[in-house]
Amino acid sequence: MRRAFLIVLDGLRRDMVTPELTPTLMRLRERAEAFDAHRSVFPSATRVVSSCVSTGCYPAKHELAGNTMVLIEDGRLVAHDVGHPGFLQHKRKVTGRTLARPTMAERVAGIGGAAIYSNVSPGAAYAHDPDGHGTVFHRAGSFGPGRRPVTGWTADRITADAKGDRELAERFVADCVLGAAKPALGVLWLAEPDSSSHAYPLGSEAQLEAIRSADATLALVLEGIATARGQGDDILTLVASDHGHQTVKGVIDVDAELVKAGLKASMESGDVVAASNGTSVLVYVHPDHAARTAEIGAFLRSQPWAGETLGVDRMHEIGQAPLHGLAFAVSMAADEDANAHGIPGRSFAAKPAAGKPDRMNCGQHGGLARYEQSPFLMIAGGTFAAGTSRSTPTSAVDLAPTVLTHLGVTFDGLDGRALQTG
Ligand SMILES: [Zn+2]
């Protein structure tokens with residue numbers, strides 16, 4: 001039968017795919033097609049990319065605008081951490097829908113279904129299947145069709161580190177790749193090297209070790225897929241990262257800056273809200289205060305920490321729409337300088353309203369800068385040519401149409417395009 005497997009090594013920069021760090025990926029490259037201009041989306045953040053991968057659409061269509069984002073509720077701007085396990089169900093109550101576009105899990109429900117094994121945030125995991133068409137395994141709760149809780153193995157002991165990645169991968173191979181159920185689509189999303197890239201400087205031994213361990217975990221998955229192929233399955237294997245990383249060169253509290261400039265009433269006020277997305281920020285303006293928008297734009301564009309700042313007139317260029325008062329999409333300012341370990345690309349980060357601020361000199365992502373926008377992608381099987389590479393730009397939204405084409409599922413209305421040629 002036709003099947004597709006997507007394995008994501010979260011946060012691995014394309015320039016860190018090397019013979020020394022990722023021997024498994026280098027071997028895969030010999031029998032896969034590599035996409036050397038692959039890009040993330042905006043914000044280049046895991047929950048957003050997960051939604052773009054699952055729907056084949058940009059945030060303007062699926063409506064998950066950021067890792068943190070605002071919903072207008074009872075006439076107020078309310079900021080949300082999208083990583084929270086209940087966020088998408090809450091969004092359904094507020095807006096009438098979870099993601100506003102069907103997921104791959106929904107589209108393949110009638111031809112074998114989907115199984116998602118995710119070791120990142122609950123919000124990112126459930127973005128693959130928020131309405132319960134397939135099965136999602138995550139430590140915060142595993143759900144099968146109809147969002148009924150899974151019985152038996154439930155991923156509740158899986159830790160968000162290299163050890164947890166390995167256990168999850170072993171389970172993915174045993175149950176999803178080689179088990180009797182044979183879902184048409186299997187997704188395995190590892191926590192590393194992203195988790196360690198936020199905690200340690202890029203290029204430090206601890207960060208490099210996380211890359212090596214993710215690559216070693218990938219080896220056992222590819223072995224399992226080879227066994228399934230030997231048993232006669234026609235398998236498309238996609239191995240990718242969702243974004244890269246920049247080095248944090250400064251942390252800016254954008255809400256505090258707006259208050260100081262007299263453009264926001266107070267830190268807690270609902271007139272203007274800055275939703276941090278790592279090295280980017282989404283700035284929301286309540287409709288009652290829309291008269292202030294031009295002044296806020298002029299302020300943002302004059303700040304040394306703000307890079308590209310797109311207002312309502314241009315946000316379609318990065319796949320965003322002015323939903324729930326979104327007025328500006330800001331990629332924080334970046335440069336090409338190297339960090340202490342010789343890894344180029346530094347950015348300012350926006351301080352999150354809740355939770356820990358970013359660690360100076362460690363990794364972060366979310367914006368449009370070069371290295372956070374340089375994930376990797378390799379595809380093996382189907383019509384993809386072994387040992388070749390393509391230099392035309394591709395995007396996270398291209399994965400769904402590529403998978404659906406392999407599985408023989410027709411679709412329309414996606415932002416991405418199938419990458420099969422001929
Ligand atoms: Zn990620």
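Every number for a ligand or one of its atoms is a count from 1 in the order of the listing.
- In this structure, V272 and L263 have side chains that are not in contact, with every pair of non-hydrogen atoms separated by 4.5 Å or more.
- For the Zn ion (ligand 1), protein N, O or S atoms closer than 2.8 Å were enumerated as D10 OD1, D10 OD2, T46 OG1, D242 OD2, H243 NE2, with waters left out.
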Please tabulate, for the side chains in residues 318-327, all donor-acceptor contacts under 3.5 angstrom to protein atoms that are two or more places apart in sequence or on a different chain.
unit_1 : atom_1 : unit_2 : atom_2 : d
Q320   : NE2    : F42    : O      : 3.0
Q320   : NE2    : A65    : O      : 3.0
H324   : ND1    : I72    : N      : 2.9

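- Taking the ring centroids of H365 and H198, they lie under the 6.0 Å cut-off.
- Ring centroids of Y126 and F143 are separated by less than 6.0 Å, placing the two rings close together.
- Note on ring orientation: taking the six-membered ring where Trp is involved, the planes of F137 and W153 are tilted (angle from 30° to 60°).
- L64 CG to H80 NE2: the interatomic distance, rounded to the nearest 0.5 Å, is 11.5 Å.
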